[in-house]
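Take a look at the structure below.
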Amino acid sequence: MARRAIPERTCVGCRKRAPASELLRVVAIGDEAGHISLRPDPARRLPGRGANMHPDPACFAQAVRRRAFGRALRLTGVPDHGALAEHVDAQPPTTGQARPVEGR
């Protein structure tokens, strides 16, 4: 019997590879006025292109500082990340998922 491969994704914050089940999927949602906001997709079901990150404030901060969401989601302009920040801050602390990248 063949084993199924576990899908891996790269965190847009720390750039570490991890199983997709450990990462939070993030999608960009636009409104009628043209404003784009980032939304968490923990169920991994929202339509559109997604970016993945550890649900950790350190990874979120690195991704925002590096402007990684815009590149990963192929966005023009600066998206609003307020809803995503609230979701990440509300998550219980985790151990060993995200490690800071040194020398940057």
Side-chain angles (χ1 to χ4, degrees):
M1 181 166 193
R3 286 187 168 187
R4 292 186 61 150
I6 297 173
E8 285 193 341
R9 303 288 184 261
T10 302
C11 173
V12 295
C14 67
R15 305 293 301 154
K16 304 270 186 210
R17 291 189 62 80
S21 60
E22 292 180 11
L23 300 173
L24 175 66
R25 183 172 185 259
V26 178
V27 296
I29 305 291
D31 63 8
E32 305 85 39
H35 296 95
I36 298 171
S37 61
L38 300 177
R39 302 292 172 167
D41 183 16
R44 308 183 78 78
R45 298 283 182 254
L46 292 176
R49 185 172 185 83
N52 294 280
M53 62 172 263
H54 289 106
D56 184 306
C59 285
F60 174 72
Q62 280 186 319
V64 170
R65 185 174 59 245
R66 293 177 47 243
R67 298 185 187 125
F69 291 113
R71 282 191 302 276
L73 297 171
R74 298 180 182 167
L75 301 174
T76 56
V78 179
D80 174 33
H81 55 268
L84 181 59
E86 289 176 13
H87 180 81
V88 170
D89 289 340
Q91 297 300 307
T94 56
T95 58
Q97 280 188 359
R99 290 171 275 305
V101 176
E102 295 180 17
R104 291 196 180 199

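Between L73 and A51, the shortest heavy-atom contact is CD2-N, 3.5 Å. Residues C14 and C11 approach most closely at N-SG, 3.5 Å, considering heavy atoms. Closest heavy-atom contact between F69 and V64: CE1-CG2, 4.2 Å.
No side-chain donor-acceptor contact under 3.5 Å links R9 to the backbone of S21.
No continuous path of ILVMFWY side-chain contacts below 4.5 Å connects V26 to L46, so the two sit in separate hydrophobic clusters. Criterion: ILVMFWY side-chain heavy atoms under 4.5 Å apart, direct or through other members. Under it, V88 and I29 are not part of a common hydrophobic cluster. Tracing side-chain contacts under 4.5 Å through hydrophobic residues (I, L, V, M, F, W, Y), one reaches L38 starting from M53; they form part of the same cluster. Note on V27: it does not cluster hydrophobically with L24, by side-chain heavy-atom contacts below 4.5 Å among ILVMFWY residues.
Here F60 and H54 keep their ring centres 6.0 angstrom or further from each other.
A salt bridge (charged side-chain N to carboxylate O under 4.0 Å, His left out) check over residues 31-53, counting only residues at least two apart or in different chains, returns the pairs R25-D41.
Taking CD1 of I36 as the start and NE2 of H81 as the end, the distance is 14.0 Å to the nearest 0.5 Å. Separation of atoms OG1 (T10) and CG (N52) is listed at 8.5 Å; rounding is to 0.5 Å. Taken to the nearest 0.5 Å, the SG atom of C59 stands 8.5 Å off from the CG atom of L23. Within the model, atoms CZ of R67 and CZ of R71 stand 8.5 Å from one another, a figure rounded to the nearest 0.5 Å.
Partners of R17 by salt bridge (charged side-chain N to carboxylate O under 4.0 Å, His left out), not counting sequence neighbours, listed by chain and number: E8.
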